[in-house]
Amino acid sequence: MSQVNRIAGSSKRINRNRTLTFSFNGKEYQGFEGDTVASALLANGVDVVGRSFKYSRPRGIITSDSQEPNAIFQVGSTQATTIPNPRATQTDLYQGLTASSTNGWPNVDFDLMGTVGKLGGSMMPPGFYYKTFMFPQSLWMSYEHLIRKGAGLGASPQQNDPDSYDKMHHHCDVMIVGGGPAGLAAALSAAQTGARVIISDEQNEFGGSLLCSTQSIDGQLPSQWVEKTVAQLSDMDNVMLLPRSTVFGYYDHNLVGINERRTDHLGEHQLQSTRQRVHKVRAKQVILATGAHERPLVYGNNDVPGCMLANAVSTYINRYDVVPGKQLVLMTTNDNAYKTAIDWHQTGRKVVAIVDTRAASNGDLVNKVKKLGIDIFFGHGVIEVKGSKRVKGVDVAPINATNHSVTGPAKHLACDTVASSGGWSPVIHLSSHTGSRPVWNEEIAGFVPGATVQQQHSCGGLEGIYALSNVLSNGFATGAIAAQAAGKGDGSYVGKAPKTSDPQEDASMALFHIPHSKKTSRAPKQFVDYQNDVTAAGIELANREGFESIEHVKRYTALGFGTDQGKLGNINGMAITAKSLGKTIPETGTTIFRPMYTPTTFGALAGADVKHLFDPARFSAMHKWHLEHGAEFEDVGQWKRPWYFPQPGETMQQSLERECLATRNSVGILDASTLGKIDIQGKDAREFLNRVYTNPWSKLGVGKCRYGVMCKEDGMVFDDGVTACLDENRFIMTTTTGGAAGVLQWLELWHQTEWPELEVYFSTVTDHWSTMTISGPNSRKVLEKICDVDVSSDNFKYMDWIEATVAGVKARVFRISFTGELSFEINVQANYGMQTWKAVMAAGEEFNITPYGTETMHILRAEKGFIIVGQDTDGSVTPQDLDMDWVVGKKKEFSFIGKRSWTRFDNKRDDRKQMVGLKPKDPTFVLPEGAQIVFEKNQSIPMKMVGHVTSSYYSACMGYSFALAVVKGGISRKGESVFLPLSDGTTVEAEICSPVFYDPKGDRQHV
Amino acid sequence: MQQYSGFGLLKHSLSYHENWQRVWSNPTPKKHYDVVIIGGGGHGLATAYYLAKEHGITNIAVIEKGYLGGGNTARNTTIVRSNYLWDEASHLYEHSLKLWEGLAQELNYNLMFSQRGVLNLGHTLQDMRDIERRVNANRLNGIDGEVLTTAQVQEMVPILDCSTNARYPVMGASWQARAGTARHDAVAWGFARAADALGVDLLQQTEVTGIRRKDGAVEGVETNRGFISAGKVACVAAGNSSVIAKMVGMELPLESHPLQAMVSEPLKPILDTVVMSNHVHGYVSQSDKGDLVIGAGIDGYTGYGQRGSFNVVEHTIAAIIEMFPIFSRVRLNRAWGGIVDTCPDACPIISKTHIKGLYFNCGWGTGGFKATPGAGHVFAHTIAKDEPHPLAKPFSIDRFSSGELIDEHGAAGVAH
Amino acid sequence: MLLIHCPYCEEMREEEEFSPAGQAHIERPLQPEDISDEQWAHYLFFRKNPRGLHHEMWLHAAGCRKYFNATRNTATYEIMETYKMGQAPRVTANEEGQS
């Protein structure tokens, strides 16, 4: 297959020895290694690469870089590896690449929607959605359904990503963004001071504009200077070079986010490496050397394929040996773009004319062109392009830029390519990311970076410095200054700046929008933002309607909302707004650029924090045993806790009933390792506990345990647990599983910020211990078999703890109970957890010791009316609401945390929601947890709700269902009926009762 | 006010759209207004509209230091729902949702209010208890809601990872069918256009620098365009509320935090409801343009910079991939931040103050956008009558002294 | 994303190691029972929340676990200083002006 536009050039950037075959929209083409998909398509003479979003107009490739609005493809051959929306101009070609257009039906060459766009386009000015589809109200969802069908560019993959991603963190002295002439010079200069330098560039190789430049440096080709400089940098240990690495974000305190594309140029799903890597660089100094983007001019039908940026045309010729057409018309406001005409001419193809909007120019390049015999129309503009799927010709007319008018008859020129240049816009995006406002530089007619609080420098094109010799010297100087600011070198560049000779250029003209003989509103469409089909007429209409702030213009017309984020069209849009409002561009202002500089893969941003590493799970030392014994697990905080242990053939309810009965009747065992444990030491530990718990701790003796409740300063319960006195000045505090980290932070907060005078120290020891609770009437018999200490009731009382050896392992054993049964909590060093667990299981075998999970624990504790913070409380519940006034110290001297809030108006209401028990009238019916409670059964909506069910179960031990609930004034309503209107429409009745259902006197735990 | 319709579009297309009227005028400030509203976002504009329309007060200025609707109105993730937990909050948000339902017609401006439904996922047993509790409360309050099983969720959103291999498997969800999204900018513009038509002065690029008082009552506001006398001053400055309060020596129970949101590149339609997960910490919907619109949790520090920290973006995207693994190769186009004023109980303040004639509507945290019409409506009432609207009464600033807090932390899209 | 100097570790560390902990220098009333509900509410909930210089607490959560103070500009996010608990800030709004 022929590459009709590939010429016999001399570019080293492509490798003609390696032909690559690829497919686009189902057709096969060939290109070379080093091509982008865009250069390869242009080489093959492909004109139409997509359809526009709103009007479905045929579109071609306009740029050669990140500005590209049209050549947005779907790349990839499988539903797992497909990538939506990469730009053809930034997609490196590889063997077998499969790409297709993202719009166009049935295809981009013959698109039915294009017909609709032609017919209906005139009815779709900006904001047309807001003005219609309103009636009738009920039909919007149907209208929207149709509108949504046209939404989007590419399609999401349908299958999971087979690739992996990772991240690296770096610190450096000087981070340089951009590897063009300014960046490379800055890198060399900074690196020579010994500073640690990182330089990144979004392209596949360093060099930036030099890769397609023909201007010599030190008498050599610019690419030779690049090679030499890159080689020099590569040899330095203090320099890290990151090609194919886009800085997507510049964040506060000099954090630079870089996305390195490691395998995308090699093919789909390459196994040798992570696909992309995000580098997070903290730099002492950042140098932005991001260069400038050429601006297109805005003229009639400027979106017909064949309309391109002048510099892009040069890039395709010089870098890829591709001439994207046969006959060129160049329109320019400046000398610089004359290079494109010269480049084109030298390929042997025809330059039809240069249309220069200025009255005259005597710059070196202009004079060179004159010598080549190319026609130049000064004071003219291309007012309109003819053609639909490819430029067929242009209408050129004399224009008056000052009063925006066409001053004479138009002349038709036949051509197939229109290159335009409206000058250059510094790439200020990154400098805006940290909140710095760009400022307008009249001289270059562009925005440059404004004041910033970051340790930031900019150089080269970004500063509006365009002549190569100045760019290089500015780069060298900036590199040295930045290095000095990072503490390296004396701020001056010692090396020799290379010699270049820049052509003398005449002043360019600040012109953005070419007038047409018709009013803008009636002229052929003049596109400003191609991707969103924003036209000059649309912007003027928005202004007429009162959308005058540039942000309003952006939002009303969608200017700059595309995936190029306004790189190509924003300045033109601002200029048109300024013109239409009679303001200057700086008065109109700019919108704020935000990350991402170019779109960044989700997977790369997440890095390795996906799947099981999304939030690493925590397991107890006995986890393997639980797995082997068929446990189902529940997520509690980050922990995986056994929920229940089903035996073959059992339903969940059957398992729970078996586990409950076994525990109540013989002995059960629970892995309680996940409860938080905080070791508290210091001579004031006791006083500290007095202040953070609601109950008193002054008299708790060594060897004793006590249950405590903690409130926030607003008086609401936020954690609870048992704390044991290990020694006069040492305690071990237990917290809820999910609350452990928060409680430790809470204790530290109070100690460090309010009461530093108290001598107390906290240390988390949750992971140090494995905890197993044996519970039930036979638990003592089990423990006795394997414990070296007398654990009889005389020697080891309820709420005592002892040190003992259990199954040969040193242990702390607590006689505390969350089930209401005789219980022992055995704590051993975590390393011995599994061994001890197995020993306890063996000792319990004769008693049919039964492992139970969190669900059985919940049932058993609820039967006893014990609360679970976070399930029975929700941040609006006080100890008094829980009928737990017994846990509030009345004589404590210090006004402990939470106490003061209990005297506020709202806390003294007698209709606060209070913890009670509920017995459903139907003893087999388990109330849904979360069911709402009402006093009056027959109410219309909205009903007056008085509480809700917090915990609800069927009790196998008691033989009926029961619940815990909060009910307004519930404590004094025991015996009354309440009603629960359920989501299935039925209403059930229940009786308020004491929350203590089982063994209300507590005999069983005391045996 | 020029009437908008499909027919109008056709008519104007014949005259090349040259004759559309301005949507609002650009007036010079008058010397005196009956009510000055500080803040030209959605809430401020809605307040002005309802003051003019329902209370006959039309001598109103809305003072905006930037451009209309340029603060959080322009920066949110456009979700509208009313399935809050507590009676006070759910009644307020439901009042708002009901107003949303006829608002496009009332304002003659298509707000693209799309009732595509919102799923709030549950990933733990406690999540499911909370969902059950909230949905039951909603239903008994007359607000639509359902509890869905994992299978039902999977059927509704086939691309959501509902497998048990997920780190936090989906156990079910709450579903509010009447909830959805709206075009955020259009809400500000629609209210602005309608308020302007009723005679309200919209003063853009006008910054309040002080509030003049005499004998414990407001007299007017100092601005960069001079003093403007006012009978009443209503502050609707969202993230900047504390800055305005400071002008009268007040502190508020607020902290202003960055809240970030982000969008992917446009994709072909793939997600047609809003999916929120408190536990995994992310929420996402797809706009009519095709972008995935993603909300993050708030940044923990105080910040007025309209930008947050990158690690929040990283974590949020990881959460989205956890929920939707197929989005791993999709690309993030843009991330930005707003400034949200958060209250200790995650509920707003709609209140009179100890200064006569000074009112505050603030503290909406992450919930402001969805409340726009309702908040404007009850705030207008509160200003006009100098007495709280019954629905606004529980949201008085006095609740922080009395302890009558309304703890809605669980109801925010993402916990904060 | 912030880079924060921990005055205890004496190192610059990433924001991810720290948790913000709100306004600094709020003193708990010594006799909570002696003050009005309004005063108590003010202590509990009301905050300066300035746009500009802010004295705030941070916890070096994944580091030394110490709380410390920072003076930070909430508009530019610049950190002027960090200092230990119990110390007074050297940079205050009066010197710097509110930006």
For the backbone of [Y] and the side chain of [X], can you confirm whether one donor and one acceptor N or O come within less than 3.5 Å of each other?
{"X": "B:Lys268", "Y": "A:Thr102", "result": "yes"}
{"X": "B:Arg139", "Y": "A:Ser983", "result": "yes"}
{"X": "A:Glu634", "Y": "B:Leu125", "result": "no"}
{"X": "B:Trp20", "Y": "A:Leu541", "result": "no"}
{"X": "A:Gln565", "Y": "B:Asn333", "result": "yes"}
{"X": "B:Asn136", "Y": "A:Gly930", "result": "yes"}
{"X": "B:His17", "Y": "A:Ser122", "result": "yes"}
{"X": "A:Asn85", "Y": "B:Pro266", "result": "yes"}
{"X": "A:Gln932", "Y": "B:Arg133", "result": "yes"}
{"X": "B:Arg307", "Y": "A:Thr434", "result": "yes"}

May I ask you to name which of [options] has the most heavy-atom pairs under 4.5 Å with chain A?
{"options": "B:Gly102, B:Ser309, B:Gly8, B:Gly70", "value": "B:Gly102"}
{"options": "B:Ile159, B:Ile143, B:Val280", "value": "B:Val280"}
{"options": "B:Glu132, B:Arg167, B:Arg193", "value": "B:Arg167"}
{"options": "B:Gly145, B:Gly305, B:Ala74", "value": "B:Ala74"}
{"options": "B:Ile321, B:Ile270, B:Val313, B:Asp345", "value": "B:Ile321"}
{"options": "B:Pro325, B:Gly142, B:Gly69", "value": "B:Pro325"}

Quick one: do B:Arg329 and A:Glu268 satisfy salt bridge (Lys or Arg N to Asp or Glu O under 4.0 Å)? Show the steps, please. CA-CA 12 Å; B:Arg329 293 171 94 86; A:Glu268 294 171 52; over 6 Å; no
Out of curiosity, [X] [atom1] to [Y] [atom2], how far, rounded to the nearest 0.5 Å?
{"X": "A:Phe561", "Y": "B:Arg334", "atom1": "CZ", "atom2": "CZ", "value": "5.0 Å"}
{"X": "A:Arg594", "Y": "B:Gln306", "atom1": "CZ", "atom2": "CD", "value": "6.0 Å"}
{"X": "B:Asn141", "Y": "A:Ile941", "atom1": "CG", "atom2": "CD1", "value": "8.0 Å"}
{"X": "B:Arg331", "Y": "A:Met596", "atom1": "CZ", "atom2": "CE", "value": "12.0 Å"}
{"X": "B:Asp185", "Y": "A:Tyr130", "atom1": "CG", "atom2": "OH", "value": "6.0 Å"}
{"X": "A:Leu153", "Y": "B:Glu265", "atom1": "CG", "atom2": "CD", "value": "7.5 Å"}

I want to check something: taking the side chain as every heavy atom from C-beta on, are [X] and [Y] in contact at a cut-off of under 4.5 Å?
{"X": "B:Asp288", "Y": "A:Glu144", "answer": "yes"}
{"X": "A:Leu605", "Y": "B:Leu332", "answer": "yes"}
{"X": "B:Glu314", "Y": "A:Asp609", "answer": "no"}
{"X": "B:Phe327", "Y": "A:Ser156", "answer": "yes"}

Of all pairs that satisfy salt bridge (Lys or Arg N to Asp or Glu O under 4.0 Å), the ones with a partner from residues 123-132 of chain A, not counting sequence neighbours: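 Listed by first then second residue: A:Lys131-A:Glu545.
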Could you tell me whether [X] and [Y] have a side-chain N and a carboxylate O separated by less than 4.0 Å?
{"X": "A:Lys944", "Y": "B:Asp87", "result": "no"}
{"X": "B:Arg399", "Y": "A:Asp906", "result": "no"}
{"X": "B:Glu18", "Y": "A:Arg522", "result": "yes"}

| message | Are B:Trp24 and A:Phe547 an aromatic pair, judged by ring center distance below 6.0 Å? | response |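 Ring centres of B:Trp24 and A:Phe547 closer than 6.0 Å.
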Considering non-hydrogen atoms only, spot the tightest contact between [X] and [Y] and give its length.
{"X": "A:Pro157", "Y": "B:Ile326", "result": "O-CD1, 3.2 Å"}
{"X": "B:Ser328", "Y": "A:Asp161", "result": "OG-OD2, 2.6 Å"}
{"X": "A:Arg904", "Y": "B:Ser402", "result": "CB-O, 3.5 Å"}
{"X": "A:Ala606", "Y": "B:Ala318", "result": "CB-CA, 3.7 Å"}

request  = In sequence, state the C-alpha distance, the side-chain angles, and the governing distance for B:Gln204 and A:His552, and then conclude on side chain to side chain contact (heavy atoms under 4.5 Å, CB included).
outcome  = CA-CA 12 Å; B:Gln204 302 187 69; A:His552 276 162; 3.4 Å; yes
B:Ser114 versus chain A, the contacting section by heavy-atom distance below 4.5 Å: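 Both backbone and side chain of B:Ser114 come within 4.5 Å of chain A.
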For atom NZ of A:Lys167, decide whether the heavy atoms of other residues, nucleotides or ligands shown that lie under 6.0 angstrom number more than 12.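 Above 12, so yes.
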Next on the checklist: Would A:Met141 and B:Arg116 count as a side chain to side chain contact (heavy atoms under 4.5 Å, CB included) here? Give the steps.
Outcome noted: CA-CA 8 Å; A:Met141 294 307 289; B:Arg116 62 182 72 170; 4.3 Å; yes
Next item on the list: Say whether A:Tyr129 and B:Arg183, considering side chains only, have a donor N or O and an acceptor N or O under 3.5 Å apart.
Entry: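 No, no side-chain donor-acceptor contact under 3.5 Å.
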**Message:** Pairing donors with acceptors under 3.5 angstrom, does anything connect the side chains of B:Asn110 and A:Tyr143?
**Reply:**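 Side chains of B:Asn110 and A:Tyr143: no pair found under 3.5 Å.
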- Contacts of type ring pair (Phe, Tyr, Trp, His ring centres under 6.0 Å), residue A:Phe602, not counting sequence neighbours: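 Per chain and number, A:Phe602 pairs via ring pair (Phe, Tyr, Trp, His ring centres under 6.0 Å) with no residue.
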Taking every non-hydrogen pair under 4.5 Å, which of [options] racks up the most with chain B?
{"options": "A:Arg909, A:Arg275, A:His433, A:Lys908", "result": "A:Arg275"}
{"options": "A:Ser901, A:Gly607, A:Ala537, A:Ser549", "result": "A:Ser549"}
{"options": "A:Thr601, A:Asp252, A:Leu255", "result": "A:Thr601"}

Would you check, one step at a time, whether the test side chain to side chain contact (heavy atoms under 4.5 Å, CB included) holds for A:Arg555 with B:Tyr67? CA-CA 12 Å; A:Arg555 289 163 181 281; B:Tyr67 59 98; 3.9 Å; yes
request  = On the 0 to 90° scale, with breaks at 30° and 60°, tag the A:Phe248-B:Phe310 ring pair as parallel, tilted or perpendicular.
outcome  =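 A:Phe248 and B:Phe310: tilted rings.
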